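This structure is a prediction, so every number in the text was calculated from the model and none was measured. Letters A, B, ... are given to chains in the order of the sequence lines, protein chains preceding strands, and every chain is numbered from 1.
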Amino acid sequence: MSAAPRPLPRAFFERDVLAVARDLLGSLLVRRRGRALLVARLVEVEAYGGQGVDPSAHSFRGETPRCRVMFGPAGHAYVYTTHQGRCCLNVSAVGDRSGQAVLLRAAEPLAGAEAMRAARLDGLRDGPTRARLLAGGREHELLSGPARLCLGLGIDRALDGVDLCDAAGPLWLAQGERVARVLWAPRIGLNSKSASCGWAWRALVADARGVSAPRRPEAARGAPEPRRRPASHHEAAAPPRARLPGRARTA
DNA sequence: CTCACGATCAGCT
DNA sequence: GCTGATCGTGAGG
C-alpha cells in the first residue's frame with residue numbers, strides 16, 4: 001500500500017450506536033507496526049448500549065476505571081482484558097457520556113497477513129491450532145474473534161484510549177467499501193439471564209467467512225427471543241430487520 | 001464439522 | 001470471593 005488509508009471522521013462515530021455498528025462493517029482497521037501497516041476489513045461487530053440501558057454493557061452500572069473510555073469522546077479505543085490476558089477492542093460511540101460502544105469481533109486480513117499469523121503463533125503451544133496456522137493459508141481464521149483480532153494486530157491495554165480517528169497514531173479506522181448485505185443476530189457470549197442477551201445487536205457481513213461464531217442461532221439453544229431494539233433506535237438507518245444468520249446467504 | 005469443558009485473571013461487589 | 005463481551009483442546013459425527 002502506498003498511502004495510509006484516511007481515517008474516518010469523528011462525526012462518523014457521533015451517531016446512533018447501531019448505525020455506527022452497521023457502517024463499520026467493511027471499514028478498515030489499520031495498525032502501525034514500525035514502518036509497516038497491517039490492514040484488515042471488519043466483518044463482524046456488536047453494539048453495546050450505555051449506562052442503565054444495556055445490562056450486558058460494561059458501562060451499565062456507570063463509569064469505572066476499566067470502562068472509562070466508553071464515557072469519553074466518540075471514536076476512541078476501549079481495550080479490556082478477558083481470560084488469560086486476552087484483550088478485546090471497542091470503539092466509543094455517540095460521545096454524549098452515555099457509555100455506548102461497538103465491539104470489533106472479527107476482520108479479514110488485507111495487508112500484513114503473515115505478520116498477523118506470526119503474532120497469533122507467538123506463545124501458542126503445540127497442538128491442532130498451531131499446526132493449522134503453521135500450515136499456511138486460512139487467512140480468514142487469523143482475526144476471526146475479538147481476542148484473536150487483538151492478538152493478530154498486536155493490540156493490548158497499552159492502546160486503551162487511543163484516538164481511532166488519528167492516522168498518525170498506532171491504530172485507526174478508515175473507510176472501506178460499502179457492504180451490501182448485512183445480517184443482524186443476537187450477540188455472542190452474554191449471560192443468558194441478562195435482559196439484553198437476545199437483542200439482535202450483532203452485525204455481520206452476509207457472505208464473509210471470517211465471522212467468529214455464526215454457526216447456530218442462539219434461539220435454538222433456549223435463549224430468550226431475540227428482541228427488537230428500543231423504539232428510540234427505530235429510524236436509526238441501520239438494521240432493516242433482525243434475521244438470524246444460520247448460513248450466510250439469507251439476506 | 002460440532003460440541004462441552006476449563007484454564008487462569010482482571011475487575012468489581 | 002465471584003464472574004465473565006474467550007479461546008484452544010479433545011472427543012465424536
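- Listed pair A:His58 / C:dA5 meets the phosphate criterion, a side-chain N or O lying under 4.0 Å from OP1 or OP2.
- At most 12 non-hydrogen atoms from other residues, nucleotides or ligands lie less than 6.0 angstrom from CZ of A:Arg6.
- In this structure, A:Asp54 pairs ionically with A:Arg187, as a charged nitrogen and a carboxylate oxygen lie closer than 4.0 Å.
- Whole-Å rounding puts the A:Arg130 CZ to C:dC7 P distance at 18 Å.
- Regarding contacts with the backbone of C:dC7, every side-chain N or O of A:Arg132 stays at 4.0 angstrom or more from both OP1 and OP2.
- For A:Thr81 and B:dC9, the shortest distance from a side-chain N or O to OP1 or OP2 is not below 4.0 Å.
- The residue A:Asp126 sits close only to the backbone: its heavy atoms come under 4.0 Å of sugar-phosphate atoms, none of a base.
- For A:Asn191, the side-chain atoms get nearest to C:dG4 when compared with the rest of C:dA5, C:dG4, C:dT9.
- Not one side-chain nitrogen or oxygen of A:Arg86 sits closer than 4.0 Å to the OP1 or OP2 atom of C:dG8.
- The A:Thr129 side chain lies nearest to C:dT9 when the options are C:dA5, C:dT9, B:dT8.
- Between A:Leu149 atom CG and C:dT6 atom P the separation is 13 Å, expressed in whole Å.
- Contact annotation for A:Leu190: backbone-only contact, meaning every heavy-atom pair under 4.0 Å involves sugar-phosphate atoms and none involves a base.
- The distance from atom CZ of A:Arg138 to atom C1' of B:dC1 is 11 Å, rounded to the nearest whole Å.
- Nucleotide C:dA5: unpaired (no Watson-Crick or G-U wobble partner with both distances less than 3.5 Å).
- Between A:Tyr48 and A:Leu124, it is A:Tyr48 whose nearest contact on DNA chain C lies nearer the 5' terminus.
- The two residues A:Ala74 and A:Val94 come nearest to each other via the heavy atoms CB-N, 3.9 Å.
- Side-chain N or O atoms of A:Arg181 include none that pairs as donor or acceptor with a backbone N or O of A:Ala206 at under 3.5 Å.
- Side-chain N or O atoms of A:Asp163 include none that pairs as donor or acceptor with a backbone N or O of A:His76 at under 3.5 Å.
- On a pure distance criterion of 3.5 Å, a polar donor-acceptor pair joins the side chain of A:Tyr80 and the base of C:dA5.
- Across all strands shown, C:dG10 forms a Watson-Crick or G-U wobble pair with B:dC3, both key distances being under 3.5 Å.
- The side chain of A:Arg120 lies closest to C:dG8 when the candidates are C:dG4, C:dG8, C:dA5.
- Computed from coordinates, the A:Ile188 CD1 to C:dA5 P distance equals 13 Å when rounded to whole Å.
- With salt bridges taken as basic N to acidic carboxylate O contacts below 4.0 Å, one links A:Arg105 and A:Glu46.
- Side-chain N/O atoms of A:Arg66 include one lying less than 4.0 angstrom from OP1 or OP2 on B:dC12.
- In this structure, the nucleotide among B:dT13, B:dG11, C:dT6 sitting nearest to the side chain of A:Arg157 is B:dG11.
- Between the CD atom of A:Gln84 and the C1' atom of C:dT3 there is a distance of 16 Å, given to the nearest Å.
- One interatomic measurement links the two molecules: CD of A:Glu44 to C1' of C:dT6, which rounds to 13 Å at whole-angstrom precision.
- Protein atom CZ of A:Arg68 is 15 Å distant from nucleotide atom C1' of B:dA10, rounded to whole Å.
- Separating the NE2 atom of A:His83 from the P atom of B:dC5 is a distance of 16 Å, rounded to the nearest angstrom.
- Candidate nucleotides B:dG11, C:dC7, C:dA5 were compared by shortest atom distance to the side chain of A:Arg148, and C:dC7 ranks first.
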